[in-house]
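One structure is given here, and the rest of the page talks about it.
Hydrogens, waters and symmetry mates play no part in the numbers below; they use all other heavy atoms, side chains included. Numbering of residues begins at 1 and proceeds along the displayed sequence.
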Amino acid sequence: MKILLAPAETKNSGGQKEPFCKQNFFLEELFDKREYIFNIYENYIENSSLEDLSKWFGLKKFDEVEKYRQSLKNKPTMKAIQRYNGVAFDSLEYNSLDKKQKDYIDSNVILFSNLFGPIKADDLIPDYKYKQGAKLPNINVERFYQDNFTQTLDKYLGEEIIDLRAGYYEKFYKIKKANVLTFKFIKDGKVVSHWAKYYRGALLKHLAINNIETIAQFMATNVEGLKLIEIQEKKNIKLLIMEIE
(Lines give C-alpha, C1' and ligand atoms only; values in the text may rest on other atoms or scores of the structure.)
Protein backbone atom coordinates (compact mmCIF):
# COMPACT_ATOMS: atom_id res chain seq x y z
CA MET A 1 0.00 0.00 0.00
CA LYS A 2 1.30 3.44 -0.96
CA ILE A 3 0.24 6.89 0.26
CA LEU A 4 -0.04 9.99 -1.93
CA LEU A 5 0.53 13.43 -0.41
CA ALA A 6 0.52 17.03 -1.66
CA PRO A 7 3.57 19.30 -1.14
CA ALA A 8 3.54 22.68 0.62
CA GLU A 9 4.23 26.19 -0.64
CA THR A 10 6.54 26.90 2.31
CA LYS A 11 9.81 25.06 2.78
CA ASN A 12 12.65 24.68 5.23
CA SER A 13 15.92 26.19 4.05
CA GLY A 14 19.37 24.62 4.06
CA GLY A 15 20.35 21.01 3.56
CA GLN A 16 23.48 18.85 3.67
CA LYS A 17 23.02 16.40 0.81
CA GLU A 18 24.35 16.53 -2.75
CA PRO A 19 22.72 18.93 -5.26
CA PHE A 20 20.22 17.98 -7.96
CA CYS A 21 21.23 14.72 -9.63
CA LYS A 22 19.83 11.41 -10.84
CA GLN A 23 20.67 9.55 -7.64
CA ASN A 24 18.50 11.90 -5.57
CA PHE A 25 15.24 10.54 -7.01
CA PHE A 26 13.33 7.29 -7.23
CA LEU A 27 12.36 6.08 -10.71
CA GLU A 28 15.87 6.90 -11.94
CA GLU A 29 14.95 5.72 -15.44
CA LEU A 30 12.73 8.82 -15.74
CA PHE A 31 15.28 11.32 -14.47
CA ASP A 32 15.73 12.82 -17.95
CA LYS A 33 12.06 13.93 -17.78
CA ARG A 34 12.62 15.70 -14.46
CA GLU A 35 15.81 17.24 -15.82
CA TYR A 36 13.96 18.54 -18.87
CA ILE A 37 11.51 20.50 -16.68
CA PHE A 38 14.31 21.51 -14.32
CA ASN A 39 16.26 23.11 -17.18
CA ILE A 40 13.20 24.99 -18.44
CA TYR A 41 12.64 26.28 -14.90
CA GLU A 42 16.29 27.33 -14.53
CA ASN A 43 16.22 29.19 -17.85
CA TYR A 44 12.98 30.95 -16.99
CA ILE A 45 14.23 32.06 -13.57
CA GLU A 46 17.55 33.29 -14.98
CA ASN A 47 15.95 35.36 -17.73
CA SER A 48 12.96 36.87 -15.92
CA SER A 49 12.84 40.26 -14.21
CA LEU A 50 12.39 40.65 -10.47
CA GLU A 51 8.93 42.08 -11.08
CA ASP A 52 7.85 39.10 -13.17
CA LEU A 53 9.32 36.63 -10.72
CA SER A 54 7.61 38.38 -7.83
CA LYS A 55 4.27 37.53 -9.44
CA TRP A 56 5.36 34.07 -10.58
CA PHE A 57 6.68 33.10 -7.14
CA GLY A 58 3.83 34.83 -5.33
CA LEU A 59 6.31 36.86 -3.26
CA LYS A 60 6.05 40.57 -2.47
CA LYS A 61 9.49 41.20 -0.97
CA PHE A 62 12.28 41.50 -3.54
CA ASP A 63 14.90 40.10 -1.15
CA GLU A 64 12.88 36.86 -1.03
CA VAL A 65 12.58 36.92 -4.83
CA GLU A 66 16.37 37.32 -5.10
CA LYS A 67 16.84 34.29 -2.85
CA TYR A 68 14.77 32.06 -5.12
CA ARG A 69 16.17 33.61 -8.27
CA GLN A 70 19.46 31.82 -7.63
CA SER A 71 20.17 28.65 -9.59
CA LEU A 72 19.22 25.37 -7.95
CA LYS A 73 22.06 23.46 -9.62
CA ASN A 74 24.46 23.76 -6.70
CA LYS A 75 22.03 24.13 -3.80
CA PRO A 76 22.24 21.49 -1.06
CA THR A 77 19.32 19.12 -0.65
CA MET A 78 17.40 17.33 2.09
CA LYS A 79 14.62 14.75 2.23
CA ALA A 80 11.43 16.03 0.60
CA ILE A 81 9.39 15.09 3.68
CA GLN A 82 11.63 17.39 5.74
CA ARG A 83 11.89 20.14 3.12
CA TYR A 84 8.17 20.98 3.19
CA ASN A 85 6.84 22.67 6.32
CA GLY A 86 3.17 23.51 5.75
CA VAL A 87 0.20 22.63 7.95
CA ALA A 88 0.11 18.93 7.02
CA PHE A 89 3.82 18.54 7.74
CA ASP A 90 3.53 20.35 11.08
CA SER A 91 0.78 17.89 11.99
CA LEU A 92 2.86 14.90 10.86
CA GLU A 93 5.84 15.91 13.06
CA TYR A 94 8.19 13.70 11.06
CA ASN A 95 11.27 14.62 13.10
CA SER A 96 9.57 13.44 16.31
CA LEU A 97 8.91 9.93 14.95
CA ASP A 98 11.10 6.94 15.72
CA LYS A 99 13.26 5.23 13.09
CA LYS A 100 10.70 2.55 12.19
CA GLN A 101 7.99 5.18 11.70
CA LYS A 102 10.28 7.39 9.61
CA ASP A 103 11.27 4.38 7.49
CA TYR A 104 7.57 3.67 6.91
CA ILE A 105 7.03 7.18 5.57
CA ASP A 106 10.26 7.20 3.54
CA SER A 107 9.28 3.92 1.86
CA ASN A 108 5.56 4.44 1.29
CA VAL A 109 4.82 8.15 0.75
CA ILE A 110 4.84 9.76 -2.71
CA LEU A 111 4.59 13.55 -2.95
CA PHE A 112 3.79 15.58 -6.05
CA SER A 113 6.15 18.50 -6.54
CA ASN A 114 5.17 21.30 -8.92
CA LEU A 115 8.79 21.27 -10.16
CA PHE A 116 10.08 17.71 -9.74
CA GLY A 117 6.87 15.74 -10.29
CA PRO A 118 6.22 12.52 -8.30
CA ILE A 119 8.89 12.13 -5.61
CA LYS A 120 9.37 9.75 -2.71
CA ALA A 121 9.40 11.14 0.81
CA ASP A 122 13.13 10.44 1.06
CA ASP A 123 14.05 11.85 -2.35
CA LEU A 124 16.51 14.71 -1.96
CA ILE A 125 15.40 18.16 -3.16
CA PRO A 126 16.72 21.74 -2.83
CA ASP A 127 14.89 24.72 -1.36
CA TYR A 128 12.90 25.98 -4.36
CA LYS A 129 9.89 28.17 -5.10
CA TYR A 130 7.15 27.21 -7.54
CA LYS A 131 3.71 28.63 -6.78
CA GLN A 132 0.90 26.17 -7.36
CA GLY A 133 -0.62 26.83 -10.77
CA ALA A 134 2.30 28.95 -12.06
CA LYS A 135 3.04 28.31 -15.74
CA LEU A 136 6.38 27.82 -17.44
CA PRO A 137 6.72 28.97 -21.07
CA ASN A 138 5.35 26.67 -23.77
CA ILE A 139 4.70 23.66 -21.56
CA ASN A 140 2.01 22.31 -19.26
CA VAL A 141 4.12 20.81 -16.47
CA GLU A 142 1.25 18.94 -14.82
CA ARG A 143 0.28 17.27 -18.10
CA PHE A 144 3.94 16.54 -18.92
CA TYR A 145 4.41 14.61 -15.69
CA GLN A 146 1.09 12.85 -16.09
CA ASP A 147 1.94 11.77 -19.64
CA ASN A 148 5.47 10.59 -18.80
CA PHE A 149 5.07 9.07 -15.33
CA THR A 150 1.60 7.49 -15.22
CA GLN A 151 2.48 4.10 -16.68
CA THR A 152 5.49 3.64 -14.40
CA LEU A 153 3.60 4.92 -11.34
CA ASP A 154 0.72 2.53 -11.99
CA LYS A 155 3.14 -0.38 -11.65
CA TYR A 156 5.07 1.10 -8.72
CA LEU A 157 2.08 2.03 -6.57
CA GLY A 158 0.39 -1.35 -6.71
CA GLU A 159 -3.19 -2.33 -5.93
CA GLU A 160 -3.97 -0.22 -2.83
CA ILE A 161 -3.49 3.53 -2.41
CA ILE A 162 -4.42 6.00 0.31
CA ASP A 163 -4.77 9.36 -1.41
CA LEU A 164 -4.15 12.32 0.92
CA ARG A 165 -3.56 14.85 -1.86
CA ALA A 166 -5.51 18.02 -2.45
CA GLY A 167 -7.58 17.72 -5.62
CA TYR A 168 -5.24 19.96 -7.65
CA TYR A 169 -2.52 17.31 -7.69
CA GLU A 170 -4.70 14.84 -9.56
CA LYS A 171 -3.49 16.82 -12.59
CA PHE A 172 -0.10 15.15 -12.10
CA TYR A 173 -1.42 11.63 -11.70
CA LYS A 174 -4.90 10.10 -11.89
CA ILE A 175 -5.45 6.72 -10.27
CA LYS A 176 -7.34 4.44 -12.63
CA LYS A 177 -7.01 0.83 -11.51
CA ALA A 178 -5.91 0.59 -7.88
CA ASN A 179 -8.29 0.48 -4.93
CA VAL A 180 -8.24 3.99 -3.46
CA LEU A 181 -9.13 5.46 -0.09
CA THR A 182 -9.79 9.21 0.03
CA PHE A 183 -11.13 11.54 2.71
CA LYS A 184 -13.45 14.48 3.27
CA PHE A 185 -13.39 16.33 6.58
CA ILE A 186 -16.41 18.12 8.07
CA LYS A 187 -16.93 20.28 11.14
CA ASP A 188 -20.35 21.37 12.35
CA GLY A 189 -21.84 19.97 9.16
CA LYS A 190 -19.55 21.95 6.83
CA VAL A 191 -16.64 20.78 4.70
CA VAL A 192 -13.33 22.26 5.90
CA SER A 193 -10.37 23.17 3.69
CA HIS A 194 -7.53 24.61 5.80
CA TRP A 195 -8.02 22.07 8.57
CA ALA A 196 -8.18 19.30 5.98
CA LYS A 197 -4.43 19.79 5.53
CA TYR A 198 -3.88 19.32 9.24
CA TYR A 199 -5.86 16.10 9.37
CA ARG A 200 -4.18 14.69 6.28
CA GLY A 201 -0.93 15.04 8.20
CA ALA A 202 -2.54 13.50 11.28
CA LEU A 203 -3.77 10.56 9.20
CA LEU A 204 -0.28 9.99 7.80
CA LYS A 205 1.16 10.05 11.31
CA HIS A 206 -1.48 7.53 12.38
CA LEU A 207 -0.56 5.26 9.48
CA ALA A 208 3.14 5.42 10.35
CA ILE A 209 2.75 4.91 14.09
CA ASN A 210 0.50 1.89 13.54
CA ASN A 211 2.53 0.52 10.60
CA ILE A 212 -0.62 0.19 8.48
CA GLU A 213 0.04 -2.01 5.44
CA THR A 214 -3.45 -2.47 3.94
CA ILE A 215 -6.68 -0.53 3.60
CA ALA A 216 -8.42 -3.24 5.62
CA GLN A 217 -5.97 -2.68 8.49
CA PHE A 218 -6.66 1.04 8.41
CA MET A 219 -10.43 0.53 8.43
CA ALA A 220 -10.06 -1.49 11.63
CA THR A 221 -8.43 1.41 13.49
CA ASN A 222 -9.68 4.65 15.03
CA VAL A 223 -7.97 7.98 14.32
CA GLU A 224 -7.72 10.35 17.27
CA GLY A 225 -9.85 13.46 16.77
CA LEU A 226 -11.80 12.01 13.84
CA LYS A 227 -15.05 10.05 13.63
CA LEU A 228 -16.13 8.13 10.54
CA ILE A 229 -19.74 9.04 9.75
CA GLU A 230 -20.22 7.90 6.15
CA ILE A 231 -18.59 5.86 3.39
CA GLN A 232 -19.27 6.68 -0.27
CA GLU A 233 -18.12 4.23 -2.93
CA LYS A 234 -17.72 4.82 -6.67
CA LYS A 235 -15.95 2.26 -8.85
CA ASN A 236 -12.48 1.78 -7.34
CA ILE A 237 -12.68 4.76 -4.95
CA LYS A 238 -13.88 4.69 -1.36
CA LEU A 239 -14.48 8.14 0.14
CA LEU A 240 -14.53 8.35 3.92
CA ILE A 241 -16.48 11.27 5.41
CA MET A 242 -14.72 12.11 8.67
CA GLU A 243 -16.16 14.40 11.33
CA ILE A 244 -13.68 16.48 13.31
CA GLU A 245 -14.47 15.93 16.97
When you measure from the side chain of [X] to the backbone N and O of [Y], does any donor-acceptor pair fall under 3.5 Å?
{"X": "Q101", "Y": "D98", "value": "yes"}
{"X": "Y168", "Y": "G133", "value": "yes"}
{"X": "Q146", "Y": "K171", "value": "yes"}
{"X": "R200", "Y": "W195", "value": "no"}
{"X": "N39", "Y": "E35", "value": "yes"}
{"X": "R34", "Y": "L115", "value": "no"}
{"X": "T77", "Y": "P126", "value": "no"}
{"X": "S91", "Y": "Y199", "value": "no"}

Assess whether side chain to side chain contact (heavy atoms under 4.5 Å, CB included) is satisfied between N114 and F172, documenting all intermediate values.
CA-CA 9 Å; N114 292 294; F172 287 81; 3.8 Å; yes

Looking at A6 and F89, what are the two nearest heavy atoms and their distance?
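So the two residues come closest at O-CZ, 3.5 Å.
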
Closest heavy-atom pair and its distance - N211, Q217:
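Closest heavy-atom pair between N211 and Q217: O-OE1, 4.1 Å.
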
For a 4.5 angstrom cut-off between non-hydrogen side-chain atoms, does L136 reach W56?
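Yes - at least one pair of side-chain heavy atoms lies under 4.5 Å apart.
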
Indicate yes or no: at least one non-hydrogen side-chain atom of R83 is less than 4.5 angstrom from one of D127.
yes

Given side chain to side chain contact (heavy atoms under 4.5 Å, CB included), test I45 with Y128 step by step and report yes or no.
CA-CA 11 Å; I45 299 307; Y128 70 97; over 6 Å; no

Distance (rounded to the nearest 0.5 Å) between Y36 OH and N148 CG:
10.0 Å

Output for pair (H206 NE2, L226 CG), nearest 0.5 Å, gives 9.5 Å

Can we say K135 and E142 salt-bridge, meaning some charged N sits less than 4.0 Å from an Asp/Glu carboxylate O?
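Yes, K135 and E142 are salt-bridged.
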
Would you say the side-chain atoms of [X] and [Y] include a donor-acceptor pair closer than 3.5 Å?
{"X": "D154", "Y": "Y173", "answer": "yes"}
{"X": "N95", "Y": "Q82", "answer": "yes"}
{"X": "S71", "Y": "E42", "answer": "yes"}

Using residues 18-29 as the side-chain source, report each donor-acceptor pair under 3.5 Å to any protein atom, sequence neighbours left out, with the distance given to one decimal.
unit_1, atom_1, unit_2, atom_2, d
N24, ND2, E18, O, 3.1
N24, ND2, P19, O, 3.0

Among Ile, Leu, Val, Met, Phe, Trp and Tyr joined by side-chain contacts under 4.5 Å, find the other residues sharing a cluster with I241 and list them by chain and number.
I186, V191, I229, L239

Between K67 and D63, does the salt bridge (Lys or Arg N to Asp or Glu O under 4.0 Å) criterion hold? Intermediate values first, please.
CA-CA 6 Å; K67 171 187 173 182; D63 59 340; over 6 Å; no

Counting only heavy atoms not in Q16, do more than 12 sit closer than 6.0 Å to its CD atom?
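Atom CD in Q16 is not packed in, count stays at 12 or less.
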
Is it the case that over 12 heavy atoms from other parts of the model lie below 6.0 angstrom from the NZ atom of K197?
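Not more than 12 within 6.0 Å, no.
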
Would E9 and K129 count as a salt bridge (Lys or Arg N to Asp or Glu O under 4.0 Å) if you check the C-alpha gap in whole Å, the side-chain angles of each, and the deciding distance to 0.1 Å?
CA-CA 7 Å; E9 289 278 353; K129 188 68 176 176; 3.8 Å; yes

Evaluate salt bridge (Lys or Arg N to Asp or Glu O under 4.0 Å) for D163 paired with R165, printing each intermediate quantity in order.
CA-CA 6 Å; D163 191 354; R165 297 176 298 173; 3.0 Å; yes

For residues L92 and L207: do they belong to one hydrophobic cluster (side chain heavy atoms under 4.5 Å, members Ile, Leu, Val, Met, Phe, Trp, Tyr)?
yes

Can you list the residues that meet the ring pair (Phe, Tyr, Trp, His ring centres under 6.0 Å) rule with [X], with sequence neighbours excluded?
{"X": "F62", "result": "none"}
{"X": "Y104", "result": "none"}
{"X": "F149", "result": "Y145"}

With a 6.0 Å cut-off on the ring centroids, do F218 and F183 count as close?
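Yes - the distance between ring centres of F218 and F183 falls below the 6.0 Å cut-off.
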
Applying salt bridge (charged side-chain N to carboxylate O under 4.0 Å, His left out), can you list everything that pairs with K11, at least two apart in sequence or on another chain?
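None.
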
Could you walk me through whether F57 and Y130 pass the side chain to side chain contact (heavy atoms under 4.5 Å, CB included) check?
CA-CA 6 Å; F57 287 144; Y130 193 136; over 6 Å; no

